[in-house]
Amino acid sequence: MQVRTTAIICAMRAHGEHGAIVRALTPDNGLLAGYVRGGRSRRLRPVLVPGNLVEAEFRARTAEQLPGLTVELSHSRAGLLAEPLAAAAIDWLTSLTAAALAEGQPHGRLYEALEAVLAAIEYAPSARGWAAAAVRYELMLMADLGYALDLSACAATGARDDLAFVSPKSGGAVSRAAGEPYAARLLPLPAFLVDPSADSDWSDIVDGMRLTGHFLARDILVDRRADALDARRRLVDRIGRLA
Amino acid sequence: MSSPEIETLTQALAKLPGLGPRSARRAVLHLLKKREAALGPLLRALEAVNDKLTSCHLCGNVDTSDPCGICADPRRDARMLCVVEEVADLWALDRSRLFPGRFHVLGGRLSALEGIRPEDLSIDLLIGRIAAGGIDEVVLAMNATLEGQTTAHYIADRLESFPVRLTQLAHGLPVGGELDYLDEGTLAQALRARRPVS
């Protein structure tokens, strides 16, 4: 195996005294793990920060072997670590990607979406610019893993207009008229998740995070992966304080 | 060919950080050759530490007394508290002899992927120390990693309501660093933390 590609660093774990095992999302090969010799050195530590974009080369003699990984920094986002909200968002998005995706399965559109959200976090002065994109990324990741929510039509009436709720059981949308009597038991569906051109305010973003959070906890981040949800709680808490 | 006892000693030393089988053999050979000058004192020092080793109930430092030498030192400024991730960080900062206050060791940093949550760290103990009063400044000295900074932001939030001055270690150019060799992230931090030349 030899893969030379751009990649987004998603997780770094110390291995031995000087090395590190890094998991990175690539455009064509999905999430790949590799051993970085000297990954904890003064030179490489600033490169292996989650969220950074690198030129990576994965090399292994057999497919079963953990590849050796060499990296060169393309673009650093480590400067954002001092910003509490940006750091919380990068922590959550990269942790989610590393925890949820299986290694070696291509997720081309997820790579593009993650890069876009990270770029938005970098350029937007506040979460208003990227929080909705982060929620859409979570939805896209769920869809790529086979847990897509059906937000195209009302699960009860088939109506395509005025979808306002989502069933927490089926993940299907419910129209306002059909869902109003059961509103307390349904999850609110913000308009920006149905219509990409719709504006989103803070309450929409909080509703969107509540919606994706329910299904992520139920279907994707279960058992040991549930630990990653802690980073999400910290992000939602920060965004909730802005709202 | 060495005896099983010497082989066991070599293997035990080889497991220590910074040592491998080869360097452990060299260390054992040195100890055996200098039995009186090296092996005896080492043995006595190890026994003494092993007998008295304890964790400070105030700050979490590892020492041979509780409270530890730093917490018990009356010359330390009790109004300043420096929060670090690990005991190794405390020792590194204390070696510099630049910080006159006391320390608090968290015992790690928040990590979503490793499942380390706030309740796994001694954050409640830290808040208890600050709530007890007498502390004017808290220095957050976490590592400049994503997890270290996430932990610092979390603690800063928890301490928001306390009347203490919250500060953080500066990030940027390392001493002896050349701009040409620095990564963008470090440069960005350095630019952000720039200050007027007096």
The side chain to side chain contact (heavy atoms under 4.5 Å, CB included) partners of B/Leu46 (sequence neighbours excluded) come to B/Leu42

Where is the tightest heavy-atom contact between B/Leu146 and A/Pro50, given as atom of each residue plus distance? CD2-CB, 3.6 Å

Let's test your reading of the structure: which of A/Ala226, A/Ala99, A/Ala82, A/Gly16 forms the most heavy-atom pairs below 4.5 Å with chain B? A/Ala82

Under 4.5 Å from any heavy atom of chain B - which part of A/Leu81: both

Between chain B and chain A, are any donor-acceptor pairs under 3.5 Å, and how far apart is each one to 0.1 Å?
unit_1	atom_1	unit_2	atom_2	d
B/Gly18	N	A/Glu17	OE1	2.9
B/Gly18	N	A/Glu17	OE2	2.5
B/Ala112	O	A/Ala228	N	3.4
B/His153	O	A/Arg238	NH2	3.3
B/His153	NE2	A/Leu81	O	2.8
B/Asp157	OD2	A/Arg238	NH1	3.2
B/Asp157	OD2	A/Arg238	NH2	2.6
B/Asp157	OD2	A/Arg241	NH2	3.0
B/Glu184	OE1	A/His75	ND1	3.2
B/Glu184	OE1	A/Ser76	N	3.2
B/Gly185	N	A/Ser76	OG	3.2
B/Gln189	NE2	A/Ala78	O	3.4
B/Arg192	NH1	A/Gly79	O	2.7
B/Arg192	NH1	A/Glu83	OE2	3.4

Taking only residues at least two apart or on different chains, which pairs with a member in residues 56-69 of chain B satisfy side-chain hydrogen bond (donor to acceptor under 3.5 Å, both in side chains)? B/His57-B/Asp66, B/Asn61-B/Trp91

Counting only non-hydrogen atoms closer than 4.5 Å, does B/Ala152 touch chain A with its backbone (N, CA, C, O), its side chain (CB onward), both, or neither? neither

Minimum heavy-atom separation for B/Leu113 and A/Cys10, please, with both atom names. CD1-O, 4.5 Å

Name the member of A/Ala78, A/Ala231, A/Pro84 that forms the most heavy-atom pairs with chain B at distances under 4.5 Å. A/Pro84

Among B/Pro17, B/Ala112, B/Gly185, which residue has the highest count of heavy-atom pairs closer than 4.5 Å to chain A? B/Ala112

Counterpart residues, side-chain hydrogen bond (donor to acceptor under 3.5 Å, both in side chains), relative to B/Arg26 (two or more places apart): none

Tell me which of these, B/Ala188, B/Ala190, B/Pro118, B/Gly18, has more heavy-atom pairs under 4.5 Å with chain A than the rest. B/Gly18

